[in-house]
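Structure first, then comments.
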Number of protein chains: 2
Amino acid sequence: MKEIKQRSSCPISTSLDVLGDKWTLLILRDMVFAGKSTYGQFLQSAEKMATNILADRLAVLESQGILTKAVADDKKSKFTYRLTEKGIDIVPIIVSLILWGAKHYLTDINPALLEELQTGKDAAIEKYQRLAREKSLA
Amino acid sequence: MKEIKQRSSCPISTSLDVLGDKWTLLILRDMVFAGKSTYGQFLQSAEKMATNILADRLAVLESQGILTKAVADDKKSKFTYRLTEKGIDIVPIIVSLILWGAKHYLTDINPALLEELQTGKDAAIEKYQRLAREKSLA
DNA sequence: CTTTGTACTTGCAAATTGCAAGTAAATATA
DNA sequence: TATATTTACTTGCAATTTGCAAGTACAAAG
């Protein structure tokens with residue numbers, strides 16, 4: 001049970017109590033946009049998260065009900081992490097971070113994705129939420 | 001010159017390199033939604049930021065071109081911090097954090113603001129961006 | 001000319017991060 | 001069946017960051 005201390009009753013502050021660090025949202029990015037679902041897959045990302053940090057953040061996300069952990073279907077030595085509806089509700093935050101980062105810094109975002117987000121942000125959010133929902137049922 | 005290390009070329013990762021901590025977005029919240037613009041005003045927020053952290057984050061935000069610092073009009077011993085267009089572009093991120101936090105945690109968000117954001121998110125974002133833009137010219 | 005206001009800076013203990021190595025159970029291979 | 005590999009962590013420790021309290025510097029007020 002990784003507890004989170006709520007610094008104030010402000011919703012922004014509370015969101016940051018849970019998500020406000022350099023790693024947590026990268027795990028969720030990997031789940032939503034790269035279809036990742038295992039510890040080993042998260043470790044392979046370009047940012048090279050340390051193993052202890054990853055284990056800690058996964059425990060926080062699980063205890064906050066943002067994702068669930070279950071033994072994988074194919075191997076008993078593997079776990080599958082899945083997004084809950086609360087986790088899927090984070091997609092708009094991730095999308096807003098993509099748009100700001102891509103606008104103000106040099107990044108290598110997929111041009112098709114950027115176009116999709118710029119021309120129909122709400123529709124794109126719904127699309128990725130639907131895809132995440134389908135994946136989380138698998 | 002507070003430099004930021006870009007961990008990868010991913011736009012989400014880059015946004016988090018700049019904004020990914022527990023305090024930075026609270027400063028921006030105070031500017032956008034509480035009309036705050038001075039060091040002393042930021043210190044008064046409910047979350048009680050330490051003075052050294054505040055000074056550090058303001059320096060990062062200034063060096064990243066998210067806000068500007070200028071001697072206040074009324075007192076020469078005071079500084080006024082103003083949002084740049086790059087800073088105003090962060091409003092959608094803040095709004096998405098408000099909506100997620102208010103939906104999934106017990107907070108005391110202003111019901112009128114919540115209603116406004118839920119019924120017309122894009123319009124509300126534009127409104128607060130316009131208000132911030134007007135204030136930043138004052 | 002002393003006190004107050006505003007914006008920091010400094011010093012230090014505590015907490016967090018980051019790196020490397022080690023552990024444990026399940027699975028694959030010889 | 002014995003050994004090696006895969007997968008998911010845990011542990012130890014140094015380095016960095018945070019958080020708290022006190023101190024500094026300059027302008028403005030009394």
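Annotation for B/L106: atom CG does not count as buried by contact number, only 12 or fewer foreign heavy atoms lying within 6.0 Å.
Using a cutoff of 4.0 Å between basic side-chain nitrogens and carboxylate oxygens, B/K121 and A/D122 are not scored as salt-bridged.
Per the geometry, CG belonging to B/D74 stands 10 Å off P belonging to D/dA28, to the nearest Å. Between the NZ atom of A/K76 and the P atom of C/dA28 there is a distance of 12 Å, given to the nearest Å. A straight line from CD of A/Q44 to P of D/dT6 spans 12 Å, rounded to a whole angstrom. C/dA7 atom P lies 14 Å from atom CD of B/E62, rounded to whole Å. For the pair B/R7 CZ and C/dT17 P, the interatomic distance rounds to 12 Å; values are reported in whole Å. A straight line from CE of B/M49 to C1' of C/dA7 spans 14 Å, rounded to a whole angstrom.
Note that the CD1 atom of A/I98 and the CG atom of A/N110 stand 10.0 Å from one another [nearest 0.5 Å].
Residues B/L58 and B/K69 form no side-chain contact, since every pair of their non-hydrogen atoms from C-beta on lies 4.5 Å or further apart.
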(message) For a quick check, with a 4.0 angstrom heavy-atom cut-off, what is the B/S/- contact string for nucleotides 7-18 of chain D, read 5' to 3'?
(response) SSBBBB-----S
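Applying the side chain to side chain donor-acceptor pair (under 3.5 Å) test to pairs two or more places apart or on separate chains, those with a residue in residues 126-135 of chain A are A/E85-A/R133, A/E116-A/K127, A/E116-A/Y128.
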(request) Assess whether side chain to side chain donor-acceptor pair (under 3.5 Å) is satisfied between B/Q41 and B/Y81, documenting all intermediate values. (result) CA-CA 11 Å; B/Q41 289 176 325; B/Y81 291 94; over 6 Å; no
